[in-house]
2 protein chains.
Amino acid sequence: MAKGESLGEFEYLVLLAVLRLSDDAYGMRVRREIAERTQRDVTIGAVYATLDRLTAKGLINAELSDPTPERGGRAKRSFHLTGAGIQAVNRSRRELESMLEGLAFPLPRGSR
Amino acid sequence: MAKGESLGEFEYLVLLAVLRLSDDAYGMRVRREIAERTQRDVTIGAVYATLDRLTAKGLINAELSDPTPERGGRAKRSFHLTGAGIQAVNRSRRELESMLEGLAFPLPRGSR
DNA sequence: TTATTTTCTCTACTATGTAGAAATCGTGGC
DNA sequence: GCCACGATTTCTACATAGTAGAGAAAATAA
């Protein structure tokens, strides 16, 4: 990428999911959020790999929460955006927006 | 990707550029369009590789135009979206939009 | 202590993104 | 014709991101 700064497509989705979920942003929940909203099936491995890479880049950081008192209530690793993460989202969003400018969606079938 | 259907980040940008440029969508011009709008530096190799991959997937198709009568006016290979390409753009856009829903941009620095 | 639930970890592989030099195909000048 | 030059495309190699799914952990319940 241009200086390794741009977000991948899925990275962007994950970041947005973490943002939306605020204090409830842990792996399984992030997976579900993306799956429900975008209607695609997201595997858990994809989510964690991305979460780890975003953490390594310093765009999010992890925090281990206490286990909840329910069956299978294992401790969750929850995430939130860092300042750099916020900037990255803003930038990606701006870039995408600038390419959409003036186009009307949905595009009609025979748009040509 | 989920069934290999989703567009990569750069693929999406390239598709949008091709769309915007309509009959003037050839490699160099696409490169410039993306560079100017998104403010990032895009190398020509990245553009052609992506254009080729999108062609292979049937999302755009190429057409060799006549050379223009100017110095260095070599024949251009220009592209336009296929029906599948239009659908792909619509879908990516819808997915992204659904993840943005309710968020206000730009995100404030201390959004957490 | 075994079953069951939820979440997380790990490994391997495929697809996308990136870079830049080199090849092509035109023009224009001598 | 031959050579310089400009615009565009092609090629090759490598880095990063996306995907998949089995399996390990950690908790509750019986």
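In what follows, chains carry the letters A, B, and so on, assigned in the order in which the sequence lines appear, proteins first and then strands, with residues in each chain numbered from 1. Scope of the values below: all heavy atoms of this structure, side chains included, with no hydrogens, waters or symmetry mates.
Nucleic acid contact for B:Gly45: base, since at least one base atom lies under 4.0 Å from a heavy atom of the residue.
Without hydrogens or angle criteria, B:Ser65 side chain to B:Lys76 main chain gives a donor-acceptor distance under 3.5 Å. In this structure, A:Arg91 contributes its side chain and A:Ser6 its backbone to no donor-acceptor pair below 3.5 Å. Under a 3.5 Å cut-off, the side chain of A:Arg20 and the backbone N or O of B:Met99 do form a donor-acceptor pair.
When all heavy atoms are compared, the tightest approach of A:Glu11 to A:Gly8 is OE1-N, 2.7 Å.
In this entry the distance linking CD of B:Glu70 with C1' of D:dC5 reads 14 Å, nearest Å. Taking atom CG of residue A:Leu7 and atom P of nucleotide C:dG17, one finds them 13 Å apart after rounding to whole Å. At whole-Å resolution of the value, CZ in A:Arg31 and P in C:dT6 are 13 Å apart. Rounded to an integer number of Å, the gap from A:Met28 CE to D:dA25 C1' is 14 Å. In this structure, the CG atom of A:Leu54 is 13 Å from the C1' atom of D:dT16, given to the nearest Å. As a whole-Å value, the separation of A:Glu11 CD from D:dA15 P is 18 Å. Rounded to whole Å, the distance from CG on B:Asp41 to C1' on C:dG17 is 14 Å. Rounded to whole Å, atom P of C:dT16 lies 10 Å from atom CD of A:Glu9.
In terms of phosphate contacts, A:Lys76 brings no side-chain nitrogen or oxygen within less than 4.0 Å of OP1 or OP2 of D:dA25. At D:dT10, one or more side-chain N or O atoms of B:Arg77 fall inside 4.0 Å of OP1 or OP2 (strictly under the cut-off). A close approach under 4.0 Å does not occur between any side-chain nitrogen or oxygen of A:Lys57 and OP1 or OP2 of D:dT16.
The nearest heavy atom of DNA chain D to B:Phe79 and to A:Tyr12 marks one nucleotide each, and the one closer to the 5' end goes with B:Phe79. Nearest-nucleotide positions on DNA chain D place B:Arg29 closer to the 5' end than the other of B:Arg53 and B:Arg29.
Checking D:dA27, C:dT7, D:dT10 against every side-chain atom of B:Ile44, the shortest atom distance belongs to D:dT10.
Atom CZ of A:Arg53 sits about 13.5 Å away from atom CG of A:Leu59, to the nearest 0.5 Å.
For A:Arg74 against C:dT6, a side-chain-to-base donor-acceptor contact under 3.5 Å is absent.
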